[in-house]
Amino acid sequence: MMMPAALLLALVHLSTAFYLPGVSPRSYIYGESVVLKVNKLDSVRTQLPYDYYSLPFCQPDKVIPSAENLGEVLSGDVIENSKYQINMKIIESCKILCRRTYKKHELQQFESKIRDEYHVNWIVDNLPAAFKYYTEEIGDDGESQYESHYAKGFALGYVATAADADAAPGTIPGEAYINNHARLVLYFHQDAQSFLGYRIVGFEVDAYSVSHEVDGEDLGEGSSTQLKTCTPLNPVRRTQKPQPVSGTDEQTVFWTYDVQWQSSDIKWASRWDLYFKMTDSKVHWFSIINSIAVVLFLSAMVAMIVTRTLHRDLLRYNSPEEREEAQEETGWKLIHGDVFRPPAFCHGLCVLVGTGYQLIGMSIITLFFAVLGFLSPANRGGLMTSMLLLFVLMGIFAGLAATYLGKIFGLEDWRKISFATSIAFPGLSFGIFFILDTMLMGEASSGAVPFGTLIALLVLWFGMNVPLVYIGSYIASKRPPPQLPMKIKKHPREIPEQVWYAQAPFLSLLGGVLPFAACFIEIFFIMSSVWMHQFYYMFGFLFIVFIILTITCAEISIVATYFQLCYEDYHWWWRSFCTSGFSAIYLFLYSIMYYCTKMRIDHFVSSALYFGYMILISLGFFILTGTIGFSATYLFVHKIYDSVKVD
């Protein structure tokens, strides 16, 4: 018991302590220019990202996009330069970025995005801007205390409420106000013994809405213009009159910002910890304990079957004295001549199992490198890029598994199997992705993948995945067919009438509950990361949950198949796949509940985007968990019938 517990603690500790950031630290000298880049505008309400400069913000003379990897493009990131000027440890107060006079249609663009709750994303030294907020919590001593939290990005603006009208004069409830003043708080770390200069370890933005007034003569855009509403001795406050963007035909807006520098003891390698602490690790521990409880329950059932029931069956079936009596009884031995009979639609099962091994290989390798820290959010887009490339490279295992299973079923045309394996799931995924991408193009969203990227995805599919699947199939086709422990009878045995609780739909739906229960808490955090735009970096926990999910899928399929065989029903091939795979049904039902309770989407395209991707994720989960359960059950059935003596 001590070794598994030590391994569990080591994995969780590794997920938080061993961090490879993916980029080298940069040290700045006093007064050196610090670049602020702008990223997409996003909203949890619409799920439609937009280019920052799709709104009429202040622009530099020339907008220069940053080089992006495949994962960033697929995520809708559009990283570009900005007009903001920041210098290391140089404090700025009320600096005017630009002054713009907006027409009615431009103000309506801002208002529409504000009402859709869009957030602005900036980047400094590869750190995303974070907004700091506080929540009141009850401490261990029973006293209330305020806990600080961080949210990615900051609000573009807000729709005023009655409370806002009481706090700031001139505020009208229901009107939209733009956050036109940003207070940038940058944290730096200095360690003269380790490096020269300063390293940026934190980036906070506090956004304000203020209707600026000029002090004296307006000298035009530039630092010479003085503002009444913002001075070094009188900074912007929440109680000032805000800047409206609704209800007027024309509005002049001053865009201003402050730059503050604060020393920090946080080291550069730990600067992402604040973003990772957006979620409570105690809940993840509860998830682990919950999953272990499920596994222990199933393990006890499997142990009972193997050590008592199955052992007793084998002794009875292999005993010469009881062999004649056993033939008159019921039991799983009586169907030995039919248990390995190929199922209906065996080509489809080969394709699913092959694709399942492709997904399993991708998941294991991705989690391995993620636990080691190579797929940190600091390496923006790295997770999605690596998953896509690993899925393509795992095509060789898909071909191997699909063709090997086809040889068990006696299928000779390995080319047909490999073609279907290389086309089915990738083709369906690309089809759904293309339809959703077309919808995003219609919305002019930055989440729409450019034509060149679509061509790159097709090249990965047909140029790498398809050939690798064929290579795997060819290798498997040259191997001798596997020897089954039992010969298949010429005529199939009649299956006795089954009781209602032994029917395939009921057992499969019941069996799918436990694998989903083993990981649903972690699924909640993953969905929050994807749809609520939060950071997810609990890969140590996720790796442990994946192991528990694998054990759960294997055990529930073995238990269900054993009881099925005891009822003399030899149609176990598809049922062993569906018993664990039907956990995907509960995943999709949970996504519907999540949509109704957590999401506030009221756009058709946004809803289509959500359910389109959740259908695709649920299908992948069905194939992955079904393959795990099927593989474990095949080994179990092969083993028990190999242990039986048949005359």
Side-chain angles (χ1 to χ4, degrees), residues 70 74 342-366 384-439 449 451-479 573-574 577-578 581 584 588 611-628 630-631:
L70 183 59
L74 294 176
F345 309 106
C346 52
H347 282 89
L349 185 58
C350 293
V351 171
L352 288 177
V353 171
T355 305
Y357 275 99
Q358 192 172 5
L359 291 171
I360 291 170
M362 177 201 72
S363 302
I364 292 175
I365 298 176
T366 300
M384 185 172 293
T385 302
S386 63
M387 290 179 65
L388 185 61
L389 293 178
L390 284 172
F391 178 81
V392 170
L393 294 176
M394 292 298 106
I396 189 169
F397 295 103
L400 277 167
T403 303
Y404 183 82
L405 184 59
K407 293 176 78 69
I408 293 176
F409 294 151
L411 304 177
E412 299 294 337
D413 192 358
W414 63 270
R415 293 178 180 84
K416 181 179 179 181
I417 296 175
S418 61
F419 175 78
T421 305
S422 63
I423 294 298
F425 183 72
L428 180 62
S429 302
F430 186 83
I432 294 176
F433 176 78
F434 183 78
I435 293 173
L436 297 177
D437 190 64
T438 303
M439 293 182 178
V449 175
F451 180 75
T453 305
L454 289 176
I455 297 299
L457 293 175
L458 290 174
V459 169
L460 284 174
W461 179 12
F462 290 102
M464 291 184 63
N465 184 66
V466 173
L468 286 173
V469 173
Y470 267 84
I471 291 172
S473 294
Y474 177 78
I475 295 173
S477 69
K478 295 302 180 183
R479 300 187 62 182
W573 298 95
W574 275 106
F577 191 97
C578 293
F588 186 71
F611 284 108
Y613 282 125
M614 286 311 305
I615 288 173
L616 195 58
I617 291 171
S618 300
L619 177 61
F621 194 71
F622 167 73
I623 296 173
L624 185 144
T625 53
T627 301
I628 294 172
F630 172 84
S631 302

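Quick note: numbers below take in every heavy atom, side chains included, and nothing from hydrogens, waters or symmetry partners.
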Point-to-point distance, once rounded to the nearest 0.5 Å, from CZ of F622 to CG of L619
7.5 Å
Ignoring hydrogens and angles, tell me if any N or O in the side chain of S473 forms a donor-acceptor pair with the backbone of Y470 under 3.5 Å.
no
Nearest heavy-atom contact between T421 and P426 is O-CD, 4.1 Å
Any idea which heavy atoms bring I417 and G406 closest together, and the distance?
CD1-CA, 4.0 Å
Do F419 and V466 come within less than 4.5 Å of each other through their side chains, counting heavy atoms only?
no
When rounded to the nearest 0.5 angstrom, what distance separates CD1 in I628 from CZ in F577?
10.0 Å
Under 6.0 Å between ring centres, would you say that holds for F409 and W573?
yes
Using a cut-off of 6.0 Å, state whether more than 12 heavy atoms not belonging to Y474 lie near its atom OH.
no
What pairs of donor and acceptor atoms, side-chain ones from residues 427-437 against any protein atom, are under 3.5 angstrom apart with sequence neighbours left out?
{"residue": "S429", "atom": "OG", "partner": "F425", "partner atom": "O", "Å": "2.8"}
{"residue": "D437", "atom": "OD1", "partner": "V449", "partner atom": "N", "Å": "2.5"}

Measuring from R415:CZ to T403:OG1, what's the distance to the nearest 0.5 Å?
10.5 Å
Heavy-atom pair with the smallest gap, counting every atom of P343 and L349:
CG-CD2, 4.2 Å
Is K407 reaching over with its side chain to a backbone N or O of R479, donor-acceptor style, under 3.5 angstrom?
yes
Return the CG to CG distance between L457 and L388, rounded to the nearest 0.5 Å.
6.0 Å
Rounded distance [0.5 Å steps], CG in L70 versus CG in L460:
7.0 Å
Are W574 and F345 close enough, and set up right, to give a side chain to side chain contact (heavy atoms under 4.5 Å, CB included), and what steps lead you there?
CA-CA 9 Å; W574 275 106; F345 309 106; 4.1 Å; yes
Taking the side chain as everything from C-beta on, heavy atoms only, tell me whether L405 gets closer than 4.5 Å to L411.
no
Mind listing the closest non-hydrogen atom pair of A584 and S618 along with its distance?
CB-O, 3.2 Å
Let me see the working for F588 and F611 under side chain to side chain contact (heavy atoms under 4.5 Å, CB included), right down to the final yes or no.
CA-CA 9 Å; F588 186 71; F611 284 108; 4.2 Å; yes
Side-chain donor-acceptor distances from residues 354-364 under 3.5 Å, at least two apart:
{"residue": "T355", "atom": "OG1", "partner": "V351", "partner atom": "O", "Å": "2.9"}
{"residue": "Y357", "atom": "OH", "partner": "S631", "partner atom": "OG", "Å": "2.6"}
{"residue": "Q358", "atom": "NE2", "partner": "F391", "partner atom": "O", "Å": "2.6"}
{"residue": "Q358", "atom": "NE2", "partner": "N465", "partner atom": "OD1", "Å": "2.8"}
{"residue": "S363", "atom": "OG", "partner": "L359", "partner atom": "O", "Å": "2.8"}

Between the SG atom in C350 and the NZ atom in K416, the distance rounded to the nearest 0.5 Å is 11.0 Å
Counting N and O atoms only, with roles assigned by atom type, does the side chain of W461 sit under 3.5 Å from a partner on the main chain of A456, one being a donor and the other an acceptor?
no
Are M394 and I365 side-chain neighbours, meaning at least one heavy-atom pair lies under 4.5 Å?
yes
Nearest atoms (heavy-atom pairs only) where L74 meets T453:
CD2-CG2, 4.4 Å
